[in-house]
Amino acid sequence: MLGAIAGDILGSVHEFKPVKTKDFELFDVNSQFTDDTVMTVAVAEATMNQESYIDILQKWGRKYPFAGYGSWFGHWIFSENPEPYNSFGNGSGMRASSIGWLYDNEELVLNVALESAQITHNHEEGIIGAQAVALGVFLARKGSSKKEIRERLESTFGYSLRRTLEEIRPKYYFDVTCQGSVPEAIIAFLESNDFEDAIRNAISLGGDADTQACISGALAEAYYLNIPKPIKEFVISRITPEMLMVLNDFNQRVRVVIN
């Protein structure tokens with residue numbers, strides 16, 4: 001889960017100031033958590049404790065109402081009668097990574113990812129986005145090769161993952177849909193050499209940088225099982241104590257040491 005949070009925080013300063021290069025300052029003084037971190041924490045808490053996704057996402061959203069939510073989700077957070085709104089935005093994908101760690105059965109991973117998505121993102125693409133991220137994390141932490149991960153996500157979800165970043169980057173633009181950003185975030189991971197490289201790859205696309213780095217970071221953490229100490233320290237210094245409590249609880253539950 002720290003990998004997802006790291007991607008969000010490191011990508012936050014580039015969300016509306018896109019870069020088309022991997023050569024940028026990684027640790028920016030203005031870096032901060034956004035809705036991606038808040039909702040990643042919320043889904044992890046709800047999943048660990050088997051609580052209502054609606055209740056827990058509303059609880060965390062109301063604690064941090066200015067984290068940068070989309071307009072529909074912002075209304076949903078404060079609704080007395082929250083209903084799904086057929087969204088296919090990438091918010092369903094960025095918040096689902098913990099599910100890939102918390103279950104050891106593929107079918108359960110897919111089913112729980114669907115549950116986490118459909119409370120808001122009940123469009124087919126919104127559900128696919130959440131399932132693809134959760135399954136990708138599951139496969140990565142179980143030791144699948146990148147080739148195996150790519151082929152499985154392509155065959156299961158119909159994503160085109162054989163494009164290269166060099167092909168994508170020049171014409172890529174800000175896209176908050178699952179179908180227009182989740183595959184590219186996965187490719188950023190697939191082309192990476194290590195955790196930091198995955199984050200730089202995602203941000204260098206010049207798109208929805210924090211969300212795409214969140215997704216790429218989640219996959220990279222599960223695959224490499226290594227987050228450099230400077231990144232860990234930088235990221236932890238920028239989350240709240242209550243977020244850190246959930247993160248620590250999560251780490252105890254999954255019992256995997258990330259170097």
Close aromatic pair by centroid cut-off 6.0 Å: Tyr223 and Phe189: yes
Validation row, ring centre Phe33 to ring centre Tyr64 under 6.0 Å: yes
[X] and [Y]: side chain donor to acceptor below 3.5 Å:
{"X": "Ser79", "Y": "Asn81", "value": "no"}
{"X": "Tyr53", "Y": "Glu45", "value": "no"}
{"X": "Asp175", "Y": "Ser181", "value": "no"}

Short question: side chain of [X], backbone of [Y] - any donor-acceptor pair under 3.5 Å?
{"X": "Ser216", "Y": "Ile199", "value": "no"}
{"X": "Asn105", "Y": "Glu107", "value": "yes"}
{"X": "Thr40", "Y": "Met94", "value": "yes"}
{"X": "Glu154", "Y": "Leu161", "value": "yes"}
{"X": "Glu221", "Y": "Met1", "value": "yes"}
{"X": "Glu125", "Y": "Gln179", "value": "no"}
{"X": "Ser92", "Y": "Ala117", "value": "no"}
{"X": "Ser237", "Y": "Phe234", "value": "yes"}
{"X": "Ser31", "Y": "Phe27", "value": "no"}
{"X": "Arg95", "Y": "Asp36", "value": "no"}

With heavy-atom distances below 4.5 Å as the criterion, would you say the side chains of [X] and [Y] are in contact?
{"X": "Glu191", "Y": "Thr164", "answer": "yes"}
{"X": "Pro84", "Y": "Thr120", "answer": "no"}
{"X": "Leu244", "Y": "Leu247", "answer": "yes"}
{"X": "Ser144", "Y": "Phe138", "answer": "no"}
{"X": "Val176", "Y": "Thr211", "answer": "no"}
{"X": "Leu219", "Y": "Leu190", "answer": "no"}
{"X": "Phe250", "Y": "Trp101", "answer": "yes"}
{"X": "Met48", "Y": "Val246", "answer": "yes"}

Quick check on the hydrophobic clustering: are [X] and [Y] connected, directly or via other members, by side-chain heavy-atom contacts under 4.5 Å?
{"X": "Val112", "Y": "Phe157", "result": "yes"}
{"X": "Val182", "Y": "Leu165", "result": "yes"}
{"X": "Phe16", "Y": "Ile203", "result": "no"}
{"X": "Leu205", "Y": "Phe24", "result": "yes"}

I'd like to know if [X] and [Y] make a salt bridge, using a cut-off of under 4.0 Å between side-chain N and carboxylate O.
{"X": "Glu151", "Y": "Lys147", "answer": "yes"}
{"X": "Asp249", "Y": "Arg253", "answer": "yes"}
{"X": "Arg141", "Y": "Asp104", "answer": "yes"}

Where is the tightest heavy-atom contact between [X] and [Y], given as atom of each residue plus distance?
{"X": "Val29", "Y": "Arg238", "value": "O-NH2, 3.8 Å"}
{"X": "Val137", "Y": "Ala218", "value": "CG2-O, 4.0 Å"}
{"X": "Ala67", "Y": "Val38", "value": "CB-CG2, 4.0 Å"}
{"X": "Ile54", "Y": "Pro82", "value": "CG2-CG, 3.5 Å"}
{"X": "Ala42", "Y": "Ile56", "value": "O-CG2, 3.4 Å"}
{"X": "Leu10", "Y": "Leu26", "value": "CD2-O, 3.3 Å"}

Residues Phe88, His121; criterion ring pair (Phe, Tyr, Trp, His ring centres under 6.0 Å); working and verdict: CA-CA 6 Å; Phe88 48 81; His121 295 56; 9.1 Å; no
CA sep, side-chain torsions, deciding dist, call: Phe195, Tyr224, ring pair (Phe, Tyr, Trp, His ring centres under 6.0 Å): CA-CA 7 Å; Phe195 180 83; Tyr224 296 112; 7.9 Å; no
Where at least one partner belongs to residues 18-27, residue pairs that pass side-chain hydrogen bond (donor to acceptor under 3.5 Å, both in side chains), sequence neighbours excluded: Lys22-Asp197, Lys22-Asn201
Criterion side-chain hydrogen bond (donor to acceptor under 3.5 Å, both in side chains) on Glu167 and Tyr172, from CA distance to verdict: CA-CA 9 Å; Glu167 292 169 339; Tyr172 192 70; over 6 Å; no
Steps toward side-chain hydrogen bond (donor to acceptor under 3.5 Å, both in side chains) verdict (Trp76, Gln58): CA-CA 8 Å; Trp76 183 91; Gln58 282 196 319; over 6 Å; no
Salt bridge (Lys or Arg N to Asp or Glu O under 4.0 Å) contacts touching residues 61-73 (sequence neighbours left out): Lys63-Glu242
Selection residues 200-220 - residue pairs positive for salt bridge (Lys or Arg N to Asp or Glu O under 4.0 Å), sequence neighbours left out: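 Listed by first then second residue: Glu196-Arg200.
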CA sep, side-chain torsions, deciding dist, call: Thr240, Met243, side-chain contact (heavy atoms from CB on, under 4.5 Å): CA-CA 5 Å; Thr240 66; Met243 291 175 179; 3.2 Å; yes
Stepwise salt bridge (Lys or Arg N to Asp or Glu O under 4.0 Å) test for Glu106 and Arg152: CA-CA 12 Å; Glu106 248 184 68; Arg152 184 62 192 283; 2.5 Å; yes
